[in-house]
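One structure is given below, encoded as structure tokens.
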Amino acid sequence: MNEQLMNEYRKYLACREELTKVFKFEMDSMLAVCAADACSKEMAVDADKIKACEKILKKNTGIFSGFRGNMELPLIMMLARANDPEEKLKQAADYHKMLKKYHTDSEHLAYSAAILTDMITPERVEEIGERSKRIYQLMKKEHRFLTGSEDVVFAILLAFSEKTDEAMIEEMEECYRILKERRFYEDAIQSISHIFTLAQGTAEEKCSRLTALFDALTAAGKKYSKNHELTVLAALTLCSVPVEELAAEIIAVNDELAQQKGYKGVFGTNKQTALMHAVMIVSNYHKETQNVNDAAMMSAIASAAAEQAAISAMLMIMIVT
């Protein structure tokens, strides 16, 4: 492992340790995602500010609010990055109110509203809400039982694309058909198709990079999950780094993680989830090489999509464990 990647790995461990101190009773899986996201945004973990933001969130939202529940910790971390957390939450609540005109309310919709506060002014929320509704309805038409509330986040991010709605759905379906042949879980394929549609290149090229990386890890004795964790691996393949190099880096980070507290032993993080955490660290290391439009907005969208993929994977892990 080179020194730059080792530094990224150390940053993740330090951030995860600090978050564990602040949120002693939070699930390790969600702490890992938030630690990786904090590292990707060069965010120092300020325990006092994070706790203050937790109080702000609980003071200004009800227990049944979409801003609470499973998405609470990611939202607290988002507030902690803001110069004015109270104003940030107020703006997110305003965006959420507007988005509810177009989508059924859920914790994912509330999270989408918070994401949008970093991306657009209030004047554009209605436009994005209206287009995302059309995109979501097209998703639902193709896969009625696979499309759920978590897909609203992707529909909203896809609403920024310059591609037509029909062209995006066609590309998603092509990705879906290609990956289904590999017997990956259909829920994971659905999310991956959304992520890939945000990126440049053909469906064939993007799917080939994912399957090549998956196979490279398998050949090295690292059994990567075919379920929701696969979406995180897919997000990594949007970078321009050769697959063989990515596989070697994931394996190196995974081997280091296996020696750390929380990962080793019978009660440590299971091997497939730990491998996903290694992928998140490598993704942060290569975040500047994402194969997306050069515009700053598209880079922000790709980052949000990768974060949503990790959160969705962690939520599913929490449900089944």
Side-chain angles (χ1 to χ4, degrees), residues 1-20 27-45 77 188 192 195 209-291 302-303 305-314 316-317:
M1 194 189 308
N2 65 41
E3 190 59 30
Q4 290 84 359
L5 180 55
M6 178 60 78
N7 286 339
E8 194 67 49
Y9 163 75
R10 289 169 180 153
K11 276 168 49 181
Y12 164 80
L13 288 182
C15 189
R16 182 174 176 270
E17 183 177 355
E18 288 304 308
L19 284 178
T20 301
M27 291 287 290
D28 288 344
S29 298
M30 190 58 78
L31 289 172
V33 170
C34 290
D37 184 55
C39 290
S40 75
K41 294 177 173 62
E42 304 296 334
M43 174 187 174
V45 176
M77 295 298 290
I192 291 167
I195 294 169
R209 273 181 63 79
L210 172 59
T211 55
L213 182 52
F214 182 91
D215 290 342
L217 292 172
T218 301
K222 303 295 183 182
K223 187 177 180 181
Y224 201 88
S225 172
K226 294 184 177 183
N227 211 325
H228 289 272
E229 294 92 336
L230 193 64
T231 59
V232 182
L233 192 68
L236 171 60
T237 63
L238 297 185
C239 76
S240 57
V241 179
V243 165
E244 297 77 11
E245 186 176 334
L246 292 177
E249 290 170 347
I250 292 167
I251 292 165
V253 172
N254 182 250
D255 289 347
E256 288 289 337
L257 280 177
Q259 308 305 315
Q260 298 297 322
K261 181 182 178 182
Y263 288 95
K264 61 183 179 181
V266 177
F267 299 105
T269 301
N270 70 64
K271 290 183 179 181
Q272 288 193 334
T273 303
L275 196 57
M276 192 192 87
H277 293 177
V279 171
M280 293 191 298
I281 294 167
V282 174
S283 292
N284 283 344
Y285 176 54
H286 291 299
K287 64 179 180 287
E288 303 299 330
T289 66
Q290 289 174 321
N291 183 25
S303 175
E307 182 180 352
Q308 172 61 19
I311 289 172
S312 295
M314 286 298 99
M316 290 306 301
I317 291 169

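Side chains included, hydrogens not; waters and symmetry mates left out as well; all remaining heavy atoms used. When a residue number appears, it is its place in the shown sequence, counting from 1.
Applying the salt bridge (charged side-chain N to carboxylate O under 4.0 Å, His left out) test to every pair with at least one member in residues 28-42, sequence neighbours left out, gives these pairs: K11-E42, D37-K41, D37-R81, K41-E307, E42-K287.
With Y224 contributing its side chain and E229 its backbone, the two residues share a donor-acceptor pair below 3.5 Å. The backbone N or O of N284 lies less than 3.5 Å from no partner atom in the side chain of S40, so there is not a single donor-acceptor pair. Remark: the backbone N or O of C239 is paired with a side-chain donor or acceptor of R209 at under 3.5 angstrom.
Atom CD1 of I192 is separated from atom OG1 of T237 by 8.5 Å, given to the nearest 0.5 angstrom. Here the CG atom belonging to L233 is positioned 10.5 Å from the CE atom belonging to M276, to the nearest 0.5 angstrom. The distance from the CG atom of L19 to the CG atom of L31 is 6.0 Å, given to the nearest 0.5 Å. One finds the CG atom of D255 at 9.5 Å from the CG atom of L275 (value rounded to the nearest 0.5 Å). Here the straight-line distance linking atom CD of E244 with atom CG of L213 works out to 9.5 Å at 0.5 Å rounding. Atoms OH and CD, from Y12 and E256 in turn, are 13.5 Å apart once rounded to the nearest 0.5 Å.
Under the 4.5 Å side-chain criterion, counting only non-hydrogen atoms from C-beta, L210 is in contact with L230. Between N2 and Y285 there is a side-chain heavy-atom pair separated by less than 4.5 Å.
A salt bridge links R10 and E3; the closest N-O separation between the charged side-chain nitrogens and carboxylate oxygens is under 4.0 Å.
Closest of all the heavy-atom pairs between M280 and A36 is CB-CB, 4.0 Å. In plain terms, the two heavy atoms of V232 and A310 that are nearest each other are CG2-CA, 3.7 Å. Considering every non-hydrogen atom in both C39 and E8, the closest pair reads CB-OE2, 3.9 Å. Contact record, I195 with A235: CG2-CA, 4.3 Å, taken as the closest heavy-atom pair.
For Y263, the ring pair (Phe, Tyr, Trp, His ring centres under 6.0 Å) test picks out H277, with sequence neighbours left out. Residues satisfying the side-chain contact (heavy atoms from CB on, under 4.5 Å) criterion with A38, sequence neighbours excluded, are C15, M43, M77. Residues forming a side-chain contact (heavy atoms from CB on, under 4.5 Å) with Q259 (at least two apart in sequence, or on another chain): none. The side-chain contact (heavy atoms from CB on, under 4.5 Å) test applied to T218 returns F214, not counting sequence neighbours.
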Identify each donor-acceptor pair in which a side-chain atom of residues 245-254 lies under 3.5 Å from a protein atom, sequence neighbours left out, and give them as a table.
{"from": "E249", "atom 1": "OE1", "to": "H286", "atom 2": "NE2", "distance (Å)": "2.6"}
{"from": "E249", "atom 1": "OE2", "to": "H286", "atom 2": "NE2", "distance (Å)": "3.4"}
{"from": "N254", "atom 1": "OD1", "to": "K222", "atom 2": "NZ", "distance (Å)": "3.3"}

